[in-house]
S.K.: 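Supplied in structure tokens, the structure appears directly below.
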Amino acid sequence: MDAERIALITGANKGIGLQVAKELALLGYTVLIGARSETLGKEVANGLVEEGLRAAFVPIDVTNIESIRAAESMIHEQFGKLDVLINNAGIALDSGIPPSQVDIEVLRKTFETNVFGTFQVFQTMLPLLRRAEAARVVNVSSGLGSLTLNSDPDYEYAKVKLLAYNSSKTTLNALTVQFAHELKATSIKVNSADPGFTATDLNGHRGTRTVEQAARIIVRLATLPGSGPTGGFFDENGPVPW
Ligand code: NAP
């Protein structure tokens with residue numbers, strides 16, 4: 001790559017976000033390890049630097065607007081632009097009980113991170129994304145956010161009806177569609193990725209896929225050519241129904 005390209009990954013201290021950060025660093029990006037834990041974020045960034053890659057820790061809690069603004073200022077001062085934003089930070093709090101019994105606090109907390117947090121990171125970073133030549137934004141969603149799949153009794157995960165988590169990812173997909181629409185006349189592309197059921201802390205490592213498999217579609221969408229799609233929802237096999 002000729003010019004230095006900057007990628008910010010939220011929740012990059014572990015799981016899928018960490019794998020995506022490693023792969024983008026290997027592709028030559030300067031990766032900004034967004035994490036709310038200074039110890040874990042620095043550990044990951046220093047590890048990549050020791051491997052000869054370009055990385056730095058950026059403190060960011062997606063539910064804390066001050067931390068997002070501070071991250072924006074730091075990126076602005078040091079790099080002046082942002083080429084890739086991976087909105088990866090996410091939580092799953094549901095216990096699997098039916099909607100009639102779900103505590104509204106579980107919905108509120110889940111949306112606070114997965115939806116409102118992602119929204120405020122995206123909105124705050126947008127001026128920096130506009131300063132890049134052709135920025136890419138990937139919202140890390142889930143097949144569980146697909147209303148079409150959720151309504152299909154034959155869907156592999158039809159029984160996984162996690163009201164807060166699933167609906168937060170449906171709403172995240174709505175952000176993808178609306179931001180992509182606003183930005184359609186620009187060179188910025190915005191897409192949702194479904195990494196698949198992956199063994200991470202999020203699901204007590206019950207997932208059947210590896211983080212390497214999960215990262216594939218995210219990295220692909222982060223590095224799309226100018227002819228690539230925007231405003232879509234994809235897994236590694238192609239489009240996922242909304
Ligand atoms: P994970 O290992 O639990 O990682 C989640 C990451 O998000 C952690 O780094 C966590 O930081 C961070 N995070 C949570 N809340 C945050 C906040 N308020 N501010 C900043 N960072 C925050 O889970 P994962 O499976 O890699 O999940 C990554 C993304 O993939 C999530 O959006 C998830 O919904 C999505 N996804 C996962 C699967 C799957 O099967 N694993 C499937 C589909 C989609 P801490 O270490 O500080 O908690």
Side-chain angles (χ1 to χ4, degrees), residues 8-23 31-45 57-71 85-94 106 108-122 124-125 137-146 149-150 155-157 160 162 164-173 175-176 191-219 221-222 233-237 240:
L8 170 66
I9 304 101
T10 63
N13 53 286
K14 66 178 184 179
I16 297 170
L18 170 59
Q19 182 62 25
V20 170
K22 281 182 191 165
E23 293 188 21
V31 291
L32 305 179
I33 304 297
R36 51 185 174 176
S37 154
E38 183 175 342
T39 312
L40 296 178
K42 279 189 173 163
E43 202 175 287
V44 169
F57 162 60
V58 175
I60 191 162
D61 177 338
V62 304
T63 63
N64 179 334
I65 188 65
E66 296 311 322
S67 84
I68 299 169
R69 290 195 184 122
L85 171 62
I86 311 286
N87 285 315
N88 167 79
I91 56 171
L93 301 175
D94 302 75
V106 172
R108 279 195 223 279
K109 282 188 184 148
T110 306
F111 269 66
E112 199 60 56
T113 298
N114 296 5
V115 179
F116 308 142
T118 300
F119 169 73
Q120 49 187 17
V121 171
F122 198 157
T124 306
M125 297 299 163
V137 180
V138 185
N139 291 327
V140 181
S141 182
S142 166
L144 294 176
S146 163
L149 294 177
N150 266 265
Y155 172 46
E156 190 180 356
Y157 301 108
V160 188
L162 306 173
Y165 184 77
N166 294 15
S167 59
S168 75
K169 294 300 185 179
T170 308
T171 312
L172 177 62
N173 285 346
L175 295 190
T176 296
N191 289 289
S192 279
D194 170 17
F197 188 37
T198 308
T200 66
D201 286 351
L202 192 89
N203 49 40
H205 290 261
R206 285 187 302 276
T208 50
R209 288 160 59 80
T210 64
V211 289
E212 286 82 2
Q213 289 171 313
R216 267 182 217 151
I217 184 59
I218 300 169
V219 171
L221 293 172
F233 183 20
F234 302 92
D235 65 16
E236 67 183 35
N237 299 313
V240 178

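Both ligands and their constituent atoms are indexed starting at 1 by order of listing. Because only heavy atoms are used, hydrogens play no part in the values below, and waters and symmetry mates are left out as well, while side chains stay in. These numbers were taken from a predicted model, which means no experiment stands behind them.
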S.K.: Pick one of side chain, backbone, both or neither for how Leu144 approaches ligand 1, counting any non-hydrogen atom pair under 4.0 Å.
M.R.: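 Looking at Leu144 and ligand 1, no heavy atom falls under 4.0 Å.
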S.K.: If we set the cut-off at 4.0 Å for heavy atoms, which region of Ile91 has an atom near ligand 1: side chain, backbone, both, or neither?
M.R.: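 Side chain only.
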S.K.: Does ligand 1 have any atom that is closer than 4.0 Å to a heavy atom of Ser37?
M.R.: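 Under 4.0 Å: no for Ser37.
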S.K.: Tell me, do Thr63 and Phe116 make a side-chain contact under 4.5 Å, heavy atoms counted?
M.R.: no
S.K.: Of all the non-hydrogen atoms in the protein, which one sits nearest to atom 3 (O) of ligand 1, and at what distance?
M.R.: Leu202 N, 3.5 Å
S.K.: With heavy-atom distances below 4.0 Å as the criterion, list the atoms of ligand 1 near Ser142.
M.R.: 43 (C), 44 (C)
S.K.: Under a 4.0 angstrom heavy-atom cut-off, which atoms of ligand 1 come close to Thr63?
M.R.: 18 (N)
S.K.: Is the shortest N/O to N/O distance between Phe197 and ligand 1 below 3.5 Å?
M.R.: no
S.K.: Are a donor atom and an acceptor atom from the side chains of Asp61 and Ser67 found within less than 3.5 Å of each other?
M.R.: no
S.K.: Who's closest to atom 22 (C) of ligand 1 heavy-atom-wise, of Ala215, Ala92, Ala214, Ala89?
M.R.: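 Going through Ala215, Ala92, Ala214, Ala89 one by one, Ala89 has the nearest heavy atom to atom 22 (C) of ligand 1.
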S.K.: Determine whether Ile91 and Asn114 satisfy the following criterion, side chain to side chain contact (heavy atoms under 4.5 Å, CB included), listing intermediate values before the conclusion.
M.R.: CA-CA 7 Å; Ile91 56 171; Asn114 296 5; 3.6 Å; yes
S.K.: Between Lys109 and Glu112, is there a side-chain N and carboxylate O pair less than 4.0 Å apart?
M.R.: no
S.K.: Can Gly196 be said to touch ligand 1, with heavy atoms closer than 4.0 Å?
M.R.: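 Yes, Gly196 has heavy atoms under 4.0 Å from ligand 1.
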S.K.: How far is atom 5 (C) of ligand 1 from the closest protein heavy atom, and which atom is that?
M.R.: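 I find the closest protein heavy atom is Gly90 O, 3.8 Å.
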S.K.: Compute the minimum heavy-atom distance from Lys169 to ligand 1 and say whether it is under 4.0 Å.
M.R.: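 It does, in that a heavy atom of Lys169 comes within the 4.0 Å cut-off of ligand 1.
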S.K.: Take every heavy atom of Thr10, measure it against each atom of ligand 1, and state whether any distance is under 4.0 Å.
M.R.: no
S.K.: Side chains of Ser192 and Ser141: donor-acceptor distance under 3.5 Å anywhere?
M.R.: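 Not at all, the side chains of Ser192 and Ser141 share no donor-acceptor pair under 3.5 Å.
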S.K.: Write out the residue and atom name of the closest protein heavy atom to atom 34 (O) of ligand 1, then the distance separating them to 0.1 Å.
M.R.: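 Checked against all protein heavy atoms, atom 34 (O) of ligand 1 sits closest to Tyr165 OH, 2.6 Å.
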S.K.: Among Val140, Ile33, Asn88, Ile9, which one has a heavy atom closest to atom 31 (C) of ligand 1?
M.R.: Asn88
S.K.: Look at ligand 1 and say whether Ser141 reaches it with a heavy atom at a distance under 4.0 Å.
M.R.: yes
S.K.: What do you reckon, does Gly11 have a nitrogen or oxygen under 3.5 Å from a nitrogen or oxygen of ligand 1?
M.R.: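 Yes; the residue has a nitrogen or oxygen that sits under 3.5 Å from a nitrogen or oxygen of the ligand.
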S.K.: If we count only N and O atoms by modelled type, under 3.5 Å, do the side chains of Thr118 and Asn87 hold a donor and an acceptor together?
M.R.: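 Per modelled atom types, Thr118 and Asn87 side chains form no pair under 3.5 Å.
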S.K.: Considering non-hydrogen atoms of the protein only, which is the closest contact for atom 46 (O) of ligand 1, and what is the distance?
M.R.: Asn13 ND2, 2.8 Å
S.K.: Hey, does Val62 come in under 3.5 Å of ligand 1, counting only N/O atoms on both sides?
M.R.: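 Between Val62 and ligand 1 (N or O atoms, distance only) the closest approach is under 3.5 Å.
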S.K.: Please list, in number order, the atoms of ligand 1 under 4.0 Å from a heavy atom of Thr113.
M.R.: 15 (N)
